[in-house]
Chemist: 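One structure, pasted below without further comment.
What you see below is based on every heavy atom in this structure, not just the backbone, and it leaves out hydrogens, waters and symmetry mates. Below, chain A is the first sequence line, B the second, and so on; all start at residue 1. These numbers come from a predicted model, not from an experiment.
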Amino acid sequence: MAQLNEAKSTIERRWPGLWSTLQKARNKTSRSIEPTLDTPEQTLVIDGYHLTSAYNRIGEARLQAMTIPDDATECWVYGLALGDLPRVLLERPHLQEIHVILMSPEVAYESFTRFDQMDWLDDPRISLELGSAQSPTVQKPYSVSPAELKVAEDGAVKLRDEIQLHLAAPFQFQHHQRLVQTMTTRARTNRRFFATDGDVATLFGSRQNKKIAVIAGGPTLSDWYPWLEAHRDTITIVAVSSALVPLQRAGLDPDAVVVIEYKEAAIRYFDEMDDARLTQTPLVYAPVVDPKLLERWPGPRLTAYLLGRSYAVPDEEYPKGKLFTSGTVTHTAVDLAVKMGAAEVLLFGADFCYPRETTHVAGAAFCKAVNVSRRRTAWVLDGHGKRAPSETNFIGYLRDLETYIGHHPEVRFLKGGRAGAAIEGVEWLDETRAEHDESA
Amino acid sequence: MKALDTIRQELTRATTLLRLGQDAAGNDAMVMLIDLLWKGLSSGSITAPTDALNRVLPQLITAQEAGDYLWVADMLEHELLLVLAEKN
């Protein structure tokens, strides 16, 4: 208790208001936070995650601290955990400022309550800051307490996502590098198509100041079929590969279809398409797609080169328009809509998570149930402000889409499907429904 | 290089990545580690007491499935390695 009082008074003195924030967060949390009882070293288990090693906490902290160069004078520690990281970093005489970012205030409260941290807490080089008060930018050099990232508070989730994407970047880069050869070979094979096919740039500017619906293949798409049908005459529909068949089954034919997937299995998205209804519909494709799909497409084909790492470089002999992606076809479809001149881009099925515990909208190839109880480590906030299970790569795509949208203030973005992820810079269509219904 | 040394190397790679929060890379390394372990046990190049393996491996798998990666790293480093070192 003496140590708790000392920690409390130190925090109250050095960072006024912080202790009561931590205490309030602890009082209202429903998280399970329990100490281990039978491990060589004690730690906390938060909702089933060990907060630190239960065998060698300091050894683990020393390893984590190695991500900060020896000569650094300032650093950021994302996640207090049990205070081991700041403790070992303070051993370095060069370090003058150590920003300890509390990703979960309730965990911080328990950490200070149950573990004595007075050996480092009052050091003038230390500052304690709430993750929810930070901009979602990863400061460098940094080190993390990875388990605390998993239990980050909602207000710090964007920062958490940025950190996790940053941590995953070297692995993703290696993965993409392995794909470069595949993509390059595929693009060479497809030269026979794009040498004579049309250019996506012919669509650019073709829908100036119009409304364009971008239809992705997420589960919430089906909720919006009636709306799409009611507004069909006033909107242009750009569908991504996975949404085509479900959309056709709902009686809606897109004005353009976009495909960028290099995997051969992606052709299954088109297995059950109604060819007769697509003879005038352009397929906007990246040169890396399966040539069998290009052979099969019943309508015109327009080539688009992709702006993004690891995709085959544009073939200078056959210049074509370029579209953005950081890995998902939804980006490409959105960029197409913007380049077509849309004043409003309406997103449907752009969920970036697993609403209703399924992967895709019903009727899409690869649509299957997801065991969400095994997917607790990645989540996004949905349109109701609730956590929705997701994947690290979906979160990356979501954040990249937000960045893209931030670069296009001239376009209004709206979205249907609150069970999907909330997207910064995008309004909810249900809040503006009257306005859109009037214009229908 | 002895089979156990190779396993130890891969195990250290996996635990380092997991403790640094590099989950995808850590899981990838763990798949390789389990593959190496399985091959070693099948070929007889490494041996391990079955009861000890039966105690550690289920805990490892449960923790891995739950995303409790620091516990996975602990199990690998402080339990599995001991089990393997015992007879090799």
Chemist: Name the member of A:T392, A:L149, A:T52, A:T67 that forms the most heavy-atom pairs with chain B at distances under 4.5 Å.
Modeler: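 Option with the top pair count is A:T52.
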Chemist: Roughly how far apart are B:D23 CG and A:L167 CG, rounded to 0.5 Å?
Modeler: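 So the gap between those two atoms works out to 8.0 Å.
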Chemist: Mind checking whether A:Y55 and B:W71 have parallel, tilted or perpendicular rings, split at 30° and 60°?
Modeler: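 Rings of A:Y55 and B:W71: tilted, as their planes differ by 30° to 60°.
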Chemist: Is there a donor-acceptor pair closer than 3.5 Å between any side-chain N or O of B:D74 and the backbone N or O of A:S53?
Modeler: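 No; judged by distance alone, with no hydrogens or angles, the pair does not exist.
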Chemist: Tell me, side chain or backbone of B:A73 under 4.5 Å from chain A's heavy atoms, or both, or neither?
Modeler: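 Contact with chain A involves no heavy atom of B:A73 at all.
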Chemist: Measure B:L18 against the heavy atoms of chain A and call it side chain, backbone, both or neither at under 4.5 Å.
Modeler: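 B:L18 touches chain A through backbone heavy atoms alone.
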Chemist: With a 4.5 angstrom heavy-atom cut-off, could you sort out which part of A:A54 is near chain B: side chain, backbone, both or neither?
Modeler: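 When you check distances to chain B, atoms from both the backbone and side chain of A:A54 fall under 4.5 Å.
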Chemist: To the nearest 0.5 Å, what is the distance between OH (A:Y49) and CG (B:L70)?
Modeler: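 The distance works out to 11.5 Å.
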Chemist: Answer with side chain, backbone, both or neither: which region of B:E79 has an atom nearer than 4.5 Å to a non-hydrogen atom of chain A?
Modeler: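 The side chain, not the backbone.
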Chemist: Within this structure, what is the CD-CD distance for the pair B:Q22 and A:Q164, rounded to the nearest 0.5 Å?
Modeler: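 One gets 11.5 Å once the value is rounded to the nearest 0.5 Å.
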Chemist: Do A:T39 and B:H78 have side chains that get closer than 4.5 Å, going by heavy atoms?
Modeler: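 In short, these two side chains do not touch, never coming nearer than 4.5 Å.
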Chemist: Do you know which two heavy atoms are closest between B:R19 and A:Q64, and how far apart they sit?
Modeler: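 Closest approach of B:R19 to A:Q64: O-NE2, 2.9 Å.
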Chemist: Which atoms of A:I163 come close to chain B, meaning under 4.5 Å heavy atom to heavy atom: side chain ones, backbone ones, both, or neither?
Modeler: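 For A:I163, no heavy atom lies under 4.5 Å from chain B.
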Chemist: Mind listing the closest non-hydrogen atom pair of A:P146 and B:L20 along with its distance?
Modeler: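 Closest approach of A:P146 to B:L20: CG-C, 4.4 Å.
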Chemist: Out of B:G21, B:A63, B:A25, which one racks up the most heavy-atom pairs below 4.5 Å with chain A?
Modeler: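 Most heavy-atom pairs under 4.5 Å with chain A: B:A25.
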Chemist: So, taking the atom named NZ in A:K150 and the one named CG in B:D68, what distance separates them when rounded to the nearest 0.5 Å?
Modeler: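 One gets 8.5 Å once the value is rounded to the nearest 0.5 Å.
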